[in-house]
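Inspection log for the structure reproduced underneath, given as structure tokens.
From a predicted model like this one, the values you see are computed outputs, not experimental measurements.
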Amino acid sequence: MNWKMIGLAMLTAGAAAALAASAVPGGSIPASGTPISGIAARAEAYATPDSAAESGRAAVVRECMAAAGYDFVPAVNTYTVDFHNNIGFRRLDVATAKASGYASLQPAGPGEPAEGTAEAELFADPAFVIDFSGPQTEEALVTVNGMGTYGGGCGGEAARKIYGSMENYVLATGVAMNSLNSAAGASMSDSGFQKAIDSWKSCMVESPYANFESPAQAVSAGQAAGGQNEFKIAVTDATCREQVRFHGQLEALLDKYLTTRMQQLEPEIAKVTEIRRQAADRAAALSSR
């Protein structure tokens, strides 16, 4: 994926849902011999942008664009990283399936403005884009670890005001969000990954949906069917997930590889944690004015 476009998406839509949509690479991250149970949850928290800082950044963008003459309210980045989703199986339990079928598995987070909306018209205006993100040139691109965004306009001003610098912003958002994907990808190459799927298939054999090869196929079939058929498939799928501890198996796999990767990234994690702490403090100070 072109990181120039990712950077623009981070500033325009305010979310990194697009980042999670990118393929999870299968890296050379080795499994830890002493995995830390539950580290996957800590890793997801690290990979998820700080909500307070992002709320502050959106507020600065709004004020800056208002000063430029635009009535624009940017979406706040509320995207939450879910490694189960990143490796193909967003979490689903029986209670959720009974209540809403597969609705909870729909993609979440802001994306491109809907065609025909006032926001879409704004982003179609070259003058608005310049005021928002500045010139999209190589010189204006700020990169960290091969990932970056444009540092001009109100978007750049807001990122610097909240995060201290564009480099800090990129590190605390895009870089952090993608730094653990290699570990998630490595878990998919572990033999335990297919074993988890096979255990789910063995359970589904006793149901009317024995032909499904994986939970992902069940989700696709249920969403295509819609109505009561979707609910029947979703509940059967979720029941088997719970019976074989499907997500528990995936969590244990993720722990093995995320333990290694989180240990490799300790200095960077410490730096990002401090950047986010200061960014949240700046956002709080601005909101109290």
Side-chain angles (χ1 to χ4, degrees), residues 6 9-10 13-22 24-25 27 29 31-32 34-58 75-93 96 104-105 107-110 144-145 147 149 159 162-164 167-188 246-284 287:
I6 288 176
M10 287 167 66
L19 303 178
S22 60
V24 176
I29 305 297
S32 171
T34 54
I36 300 172
S37 178
I39 199 170
R42 285 170 46 196
E44 288 173 341
Y46 169 69
T48 298
D50 184 87
S51 59
E54 285 298 285
S55 293
R57 184 177 66 84
V76 177
N77 182 358
T78 58
Y79 182 74
T80 301
V81 172
D82 176 2
F83 287 120
H84 287 243
N85 179 48
N86 288 5
I87 61 176
F89 305 108
R90 182 171 290 183
R91 294 174 177 89
L92 180 70
D93 57 40
T96 302
S104 66
L105 274 59
V144 179
N145 295 355
M147 303 176 187
T149 189
I162 296 298
Y163 287 90
E167 289 77 10
N168 283 351
Y169 169 62
V170 175
L171 184 62
T173 54
V175 172
M177 291 171 65
N178 284 270
S179 61
L180 301 172
N181 281 352
S182 56
S187 73
M188 298 171 70
F246 179 73
H247 288 289
Q249 292 182 65
L250 295 185
E251 193 82 357
L253 279 178
L254 287 165
D255 283 345
K256 288 167 58 177
Y257 296 92
L258 286 168
T259 293
T260 299
R261 186 61 177 146
M262 291 284 280
Q263 290 171 345
Q264 292 174 345
L265 290 174
E266 281 180 356
E268 187 170 300
I269 290 171
K271 183 175 182 179
V272 167
T273 299
E274 179 59 19
I275 289 171
R276 288 175 173 171
R277 184 193 67 77
Q278 293 183 18
D281 287 347
R282 294 188 191 101
S287 67

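Considering all non-hydrogen atoms of both residues, I29 and S182 come closest at CG1-OG, 3.5 Å. Summarising the geometry of A172 relative to V272, their closest heavy-atom pair is CA-CG1, 4.0 Å, with the distance given to 0.1 Å. In terms of heavy atoms, D50 sits closest to A280 at OD2-CB, 3.8 Å. Pairing each heavy atom of S37 with each of D255, the nearest pair is CA-OD2, 3.6 Å.
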Checking salt bridge (Lys or Arg N to Asp or Glu O under 4.0 Å) for the pair K256/E251: CA distance, chi angles, key distance, verdict?
CA-CA 9 Å; K256 288 167 58 177; E251 193 82 357; over 6 Å; no
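Between the OG atom of S187 and the CG atom of L250 there is a distance of 7.5 Å, given to the nearest 0.5 Å. To the nearest 0.5 angstrom, I36 atom CD1 is 8.5 Å from M262 atom CE. Taking CG of L253 as the start and CG of L258 as the end, the distance is 10.5 Å to the nearest 0.5 Å.
Between the side chains of Y79 and E54, no donor-acceptor pair is found at a separation under 3.5 Å.
H84 and H247 have tilted rings, their planes meeting at an angle from 30° to 60° on a 0 to 90° scale.
The cationic group of R276 lies under 6.0 Å from the six-membered ring centre of Y46 and within 45° of the ring axis, placing it in a cation-pi geometry.
For E44 and R91, the salt-bridge test passes: some basic side-chain N is under 4.0 Å from an acidic carboxylate O.
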